[in-house]
Amino acid sequence: MPKSQNTRLVSWIDCPGGGQVWVDGTTLFVGHMDSPAGTSIYDVADPAHPQLLTRLEMPRGWHSHKVRAKDNIMIVNHERQKSDAVADFSGGLGIYDISQPAAPKLLKKWEVSGGSGVHRFDYDGRYAFISPTAEGFVGNIVVILDLIDPANPVEIGRWWIPGQNVGAGEVYPWAEDWPKPRCHHPLRQGDRLYVSYWHHGFFILDISDKTNPRLVSGYNTSPSQPHPTHTCLVMPELMAGRKIMVVADEDMSKLRPSPPSFAWVYDITDEEQPISIGTINVPELMLDPTPRPETTGCHQPSEVFTQPILPFAWFSHGLRIMNISNPFRSEQVGYYQPDAPEGFATACANDVTQDSRGLIYMTDRNRGVHIIERV
């Protein structure tokens with residue numbers, strides 16, 4: 001039986017496993033982990049009875065597991081997932097007109113110049129802040145696209161860690177046994193871009209000039225902590241008089257066996273000197289030093305939330321709802337821990353978002369989407 005506190009399941013959508021879930025109005029978008037399922041679009045005007053409108057497919061070995069939608073434009077990533085991926089496809093972005101959600105119209109396939117494609121991204125209705133591979137570079141970098149004309153996106157800026165651009169003669173400074181640098185997830189707030197960079201930490205970029213992103217500061221918890229930096233989510237309003245950034249470490253790609261990952265709370269009031277002032281963790285995991293399998297701990301906070309209540313997708317521990325009004329000491333105020341989907345050993349909550357009604361949508365990496373309300 002599912003376990004819950006201060007939550008209620010509204011409905012469950014039986015669909016292939018998802019990487020990201022997003023809601024625009026009463027339209028739900030699910031980016032799937034594995035081909036042939038690419039992106040599913042649902043009508044959730046009646047959240048108790050979601051209706052599938054359409055599903056886009058992907059070729060073998062490629063996935064479009066991330067999706068964002070705004071102002072009748074949908075963007076999905078195209079990324080090589082498996083070594084046997086079909087050769088006549090390429091990584092990048094799919095940009096769609098979704099003025100009729102049941103009939104998405106492809107406006108442009110934007111292609112990367114080399115490598116596996118685009119991983120995660122942010123989209124504000126004009127600019128896309130993406131994490132593509134690029135010819136001549138080791139790993140993923142930061143790229144800014146201008147989509148004022150969505151059918152003709154234009155790259156206007158890029159940024160990378162010095163040493164990634166080996167094609168231009170930069171000396172690669174990292175040991176062969178250290179994970180390659182990898183821009184994972186850029187998130188914009190105002191004229192700042194908050195960029196997670198996997199086992200190379202996080203970076204704050206000044207993008208007041210989007211053609212020339214400028215480094216403000218960075219910090220890396222690796223190798224002292226074994227988990228990669230996944231997401232840097234800044235609170236829109238001050239908390240306890242401070243500017244707060246929540247940094248989620250993903251419970252995958254561990255450097256060594258360890259207890260599950262968690263999230264950090266950073267004070268970035270002085271953005272040139274970020275300092276950790278707290279952590280966010282599931283109570284039953286907090287003091288347990290036992291190494292656990294991957295996908296036990298933290299994955300992703302909701303990028304849509306009402307401060308100071310922050311929902312998290314916490315892999316096998318499902319939905320966790322955290323109150324971070326005291327940034328020094330967060331508190332769990334609700335959860336929904338589902339049963340494992342049929343055929344799988346555990347649940348695997350991969351992503352979470354909210355809609356304007358306060359409903360929470362959580363996708364399972366293996367199968368299904370849960371629609372949950374707080375009670």
inquiry  = Determine whether Lys70 and Asp24 satisfy the following criterion, salt bridge (Lys or Arg N to Asp or Glu O under 4.0 Å), listing intermediate values before the conclusion.
reply    = CA-CA 7 Å; Lys70 187 176 178 66; Asp24 187 40; over 6 Å; no

message = Between Ile324 and Val333, is there shared hydrophobic-cluster membership here, with clusters defined by ILVMFWY side-chain heavy atoms closer than 4.5 Å?
response = no

ask   = For Lys105, does the NZ atom sit with more than 12 other heavy atoms under 6.0 Å from it, leaving out its own atoms?
value = no

Side chains of residues 273-286: which donor-acceptor pairs under 3.5 Å do they make with residues two or more places apart or in other chains?
unit_1 : atom_1 : unit_2 : atom_2 : d
Glu284 : OE2    : Arg320 : NH1    : 3.3
Glu284 : OE2    : Arg320 : NH2    : 3.2

ask   = Relative to the ring of Trp178, is the ring of His200 parallel (under 30°), tilted (30 to 60°) or perpendicular (over 60°)?
value = perpendicular

ask   = Salt bridge or not for Asp206 and Arg214, using N-O below 4.0 Å?
value = yes

task = Would you kindly check if the NZ (Lys) or CZ (Arg) of Lys210 is within the cone defined by 45 degrees around the ring axis of Tyr127 and under 6.0 Å from the six-membered ring centre?
result = yes

ask   = Same cluster for Val304 and Phe312 if Ile/Leu/Val/Met/Phe/Trp/Tyr side chains link at under 4.5 Å?
value = no

query = Which distance, rounded to the nearest 0.5 Å, do you find between the CE of Met74 and the CG of Leu107?
reply = 10.0 Å

inquiry  = Closer than 4.0 angstrom, basic N to acidic O: yes or no for Glu303 and Arg120?
reply    = yes

message = One pair to check against side-chain hydrogen bond (donor to acceptor under 3.5 Å, both in side chains): Asp34 and Gln81. What are the steps and the verdict?
response = CA-CA 8 Å; Asp34 298 309; Gln81 183 190 22; 2.8 Å; yes

query = Taking the six-membered ring for Trp, are Trp62 and Phe89 ring centroids under 6.0 Å apart?
reply = yes

task = May I ask whether Phe305 and Ile372 are part of the same hydrophobic cluster, defined by side-chain heavy atoms of I, L, V, M, F, W, Y residues being less than 4.5 angstrom apart, directly or through others?
result = no

message = One thing to verify: whether Asp122 and Arg188 come together as a salt bridge, which I'm taking to mean a side-chain N less than 4.0 angstrom from a carboxylate O.
response = no

request  = For Ile41 and Thr27, run side-chain contact (heavy atoms from CB on, under 4.5 Å): C-alpha distance rounded to whole Å, both residues' side-chain angles, the deciding distance at 0.1 Å, then the answer.
outcome  = CA-CA 7 Å; Ile41 303 177; Thr27 306; 3.4 Å; yes

task = Compute the ring centroids of Phe203 and Tyr219, then answer whether they are less than 6.0 Å apart.
result = no

task = Assess whether side-chain hydrogen bond (donor to acceptor under 3.5 Å, both in side chains) is satisfied between Lys243 and Gln189, documenting all intermediate values.
result = CA-CA 12 Å; Lys243 190 167 183 64; Gln189 188 178 109; 3.2 Å; yes

task = Using the side-chain contact (heavy atoms from CB on, under 4.5 Å) rule, take Arg192 and Val216 through it: C-alpha gap first, then chi angles, then the decisive distance, then the call.
result = CA-CA 9 Å; Arg192 293 293 185 266; Val216 176; 4.1 Å; yes

request  = For ring pair (Phe, Tyr, Trp, His ring centres under 6.0 Å), just list the numbers for Tyr123 and Phe129, CA-CA rounded to whole Å, side-chain angles, deciding distance to a tenth of an Å, and then say yes or no.
outcome  = CA-CA 6 Å; Tyr123 175 58; Phe129 305 87; 9.1 Å; no

Met235 reachable from Phe328 in the ILVMFWY side-chain graph, under 4.5 Å edges = yes

key: Working for side-chain contact (heavy atoms from CB on, under 4.5 Å), residues Leu106 and Ile95   = CA-CA 6 Å; Leu106 180 64; Ile95 303 169; 5.7 Å; no

message = Are His185 and His119, when compared by the centres of their aromatic rings, separated by less than 6.0 Å?
response = no

query = Are Asp355 and Arg357 close enough, and set up right, to give a salt bridge (Lys or Arg N to Asp or Glu O under 4.0 Å), and what steps lead you there?
reply = CA-CA 5 Å; Asp355 68 12; Arg357 299 169 292 189; 3.0 Å; yes

query = Going only through I, L, V, M, F, W and Y residues with side-chain contacts under 4.5 Å, is there a path from Val10 to Ile13?
reply = yes

side-chain hydrogen bond (donor to acceptor under 3.5 Å, both in side chains) assessment of His299 paired with Asp351 = CA-CA 8 Å; His299 187 216; Asp351 193 51; 5.9 Å; no

Close aromatic pair by centroid cut-off 6.0 Å: His184 and His230 = yes

query = Which of parallel (below 30°), tilted (30 to 60°) and perpendicular (above 60°) describes Tyr266 and Trp264?
reply = tilted

message = Is the distance between the ring centroids of His78 and Trp110 under 6.0 Å?
response = no

request  = Give the C-alpha distance, both sets of side-chain angles, the deciding distance and a yes or no for side-chain hydrogen bond (donor to acceptor under 3.5 Å, both in side chains) between His227 and Glu250.
outcome  = CA-CA 6 Å; His227 301 103; Glu250 182 172 2; over 6 Å; no

key: Residues, nucleotides or ligands: over 12 heavy atoms within 6.0 Å of Gln100 CD   = no

